[in-house]
Amino acid sequence: MELRIENVSKNFKEKKAVDGVSLRITAGIWGLLGANGSGKTTLMRIVAGVMEPAQGQVLYDGIPIRTLGRSYRDIFGYLPQEFGFYPEFTVKDYLEYAAAIKGLSARQTKRRVEKLLESLTLTEVYKKKIVRLSGGMKRRVGIAQALLNDPQVLVLDEPTSGLDPGERIRLRNLLSGFAQERIVLISTHIVSDIEYISTRNALMKQGKIAASGTTEELVAPMEGKVYTCLVPAEEVRYYEKKLRIVNLRNEEGGQVSVRYLAEEPGIEGSKEAVPRLEDLYLWMFPADMSYDGKGEQREGSGK
Amino acid sequence: MRMLRLELKRLYKTRLNGILLILSLLLSVLFAYLPTTWVSYLDRDEATGEAVWRQGLEAVQCIRKVRSQVEGPVTPDTLQKAMDTIRPVLEEYEAAYLYALPSEVFFGAPFLYEPFYSRIQESVMDPDTGLAPGLLQIDPDQETFYLRCDRRLEALLKLEQGNYPSAQAFAQRMYEKVNKPFSYYDGVGTESMDYLIILIFVIAIFGAATAAPAFSSDRQTGAEEIWRAAKHGRLKLGAVKLLAAALVVGGMYFLCTTVYLVVCNSLFGWKSLQSSLQILYSISSLPALDIGGLEIAVTAGGFLSLLSLMSFVLFLSARQNSVASSMALSFLACVLPMLAAIVLPDGIGDWVRCLLPGGGIGLQNSFLYELVDLHFLHVGQASFWTPYALLIAAAAQVPLFLFLALFSYCRRRR
């Protein structure tokens, strides 16, 4: 089983949303990481077949998905970033409606809906109108519809937005179990969602795949670029301006534990830390580290 | 079938659609009842002999009872009696027209024959000016009434279609089929027919509100993204959405017009459906229909026009990204034929309103008015009777716009 993205590009007027992306996706969970506007959603939509690329193609087991048409959509599950539902529908109504469009028989629908309601803990709200559900529950209904047809290829765009930590963990576990012999592609900018469950990851930046591989492969270049150090609390502001700080944690005695990214230690007494996927992400997308979005202009940028 | 059932369930669960259906049913009953409120009759109290005004349904029943004496075929003999009755009355009161008579006189013998006087006047209209003489100026001999009807049509055709022999020939051929003598049965009047076309227009507006979000709503909310990536989320879902919208709007139309006609005919009397439309509208109306036939023709023609309008609305919906824009354009489409009828000059205006989707629905441009009036569209020397043009245009538009809607939905890429 293989999903191959071949030299795919997509423009929106002058802006290149996706720029010559090529990727070979095999069974397992794939994380598609990137900052907002990096082209993840556009790429997801092209993979879902709801958007035509300006150039290139997507192939499933060597056949263009456009040629496969309905038979590709039959083995495909998709949750877009914006989950559009019908406010007048209950969870039951909605899932039955979605199942019909996915070509499930009434008996298959009953069986699948029951199973998914249980695994996504939606049984209690089965007869409630979707519009009355919390954001997290609505998201879970969206995930349920994506899983209805037991898809071979599952594409989830920001599936954890609106979910609480418990729900995130349950979803991760559900997807881990589900991904056996299936392709699951998860687009997110929340690194922790995929760090521990993804088989491989791809990082998108300005419409291109900046890096791809296993978490270990991706973080390998970060060896020797992640440091931790204890500094007095009053000096934190000074280091915030000077270094690319990933994490701050208050310690006893007015000290603060600082985790930062740099080519060389920037604070005396710093210790090398084991790099994580989040460190790589923040190394590649420094703008995501500042509230003003000007992280790239900071003094001491890792580039 | 399962998808269609679920789509219908979705449409009926939408609050707006439920409200519109209930409202349209209430309006159907109200519109059927309203014409009765305009009817009044000056009666004589049997006990005291005093004049008493009857209003509404009571007046309808009184009039039906009185006019039952003249119901049946409108023979020259009946018309002769009508003339013999009115002449001395008009002479006595030195009145040229019926409305100039005092109420207590008018609601006597003249009222019995009142439906025939305007038709008699019409039969002797000036062929050049179209002006009708007063009843006293008309030759009292009514033996030649039906001959004059034929001549009146000829004169009218010369006046309005003088340059189009094909239109004249077509009209003559149609008129030959009209049953003579005409029939008269008291009851359903032109006001009820007018309310029927108002109802059809209201249903078209409600139908547009129901059909306009069919595709644009899913696009606006993002639901379309999910469906387009599903097995049957394109051609099949598109077709199901079209069919469901047509069934809901068509169902609303069928239900409301049926309720309207049942209530209206029950209030005014089912017998009146046997009246010739020439007695109710004009002696030169072409269709060989009675009022019952006219009701069916107007309802059926309205339905085809409604389907063409809804097909166009669905096409607009498939092209729009928001419910607001599809709604706005759909409402504009509903009133466009009416605007064309008001704003554009006759020749081009006739063409435009007949060719626009829903051309037979409107307060100025209904299928009813096309049936009873003498309108033709012309291309060179060829002429098309406007009711036929409306039906042909609508019949062509329905599959065309449904196909375009489906094509637009399936091909749509954001």
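Throughout, a chain's letter reflects where its sequence line sits, starting with A, and its residues are numbered from 1.
B:S305 contributes a side-chain N or O that, together with a main-chain N or O of B:G360, makes up a donor-acceptor pair within less than 3.5 Å. The closest donor-acceptor contact from the side chain of A:K40 to the backbone of A:A35 lies under 3.5 Å. Between the side chain of B:Y253 and the backbone N or O of B:T299, at least one donor-acceptor pair lies under 3.5 Å.
Annotation: cation-pi geometry not satisfied between A:R70 and A:Y72 (NZ/CZ under 6.0 angstrom from ring centroid, within 45° of ring axis). Cation-pi contact between B:R219 and B:Y409: absent, since separation from the ring centre below 6.0 Å together with deviation from the ring axis within 45° is not met.
For the set B:A223, B:G233, B:A230, the count of heavy-atom pairs under 4.5 angstrom toward chain A peaks at B:A230. Your options are A:I101, A:N149, A:V155, and the one with the most heavy-atom pairs under 4.5 Å with chain B is A:I101. With chain B as partner, the option from A:Y86, A:Y94, A:F76 having the largest number of non-hydrogen pairs under 4.5 angstrom is A:Y86.
Heavy-atom distances place the backbone of A:L104, and not its side chain, under 4.5 Å from chain B. Residue A:Q145 touches chain B through its side chain alone, counting heavy-atom pairs closer than 4.5 Å. Neither the backbone nor the side chain of A:S71 comes within contact range of chain B, judged by heavy atoms closer than 4.5 Å. Using a 4.5 Å cut-off between heavy atoms, A:F89 contacts chain B through its side chain alone, with no backbone atom that close. Neither the backbone nor the side chain of A:A146 comes within contact range of chain B; no heavy atoms are under 4.5 Å apart.
Side chain to side chain, A:S187 and A:D157 meet the donor-acceptor criterion of an N or O pair below 3.5 Å. Donor-acceptor pairing under 3.5 Å is lacking for the side chains of A:E96 and A:T109.
Ion pairing between a basic and an acidic side chain is recognised when a charged N comes within 4.0 Å of a carboxylate O; B:D218 and B:K241 show such pairing.
Ring geometry, B:W227 versus A:Y97: the interplanar angle exceeds 60°, so the pair is classed perpendicular (tilted spans 30 to 60°).
Scored by the ring pair (Phe, Tyr, Trp, His ring centres under 6.0 Å) test, A:F85 finds A:F83 as partners (sequence neighbours excluded).
Scanning residues 7-16 of chain B against chain A with a 4.5 Å non-hydrogen threshold yields B:E7, B:K9, B:R10, B:K13, B:T14, sorted by number.
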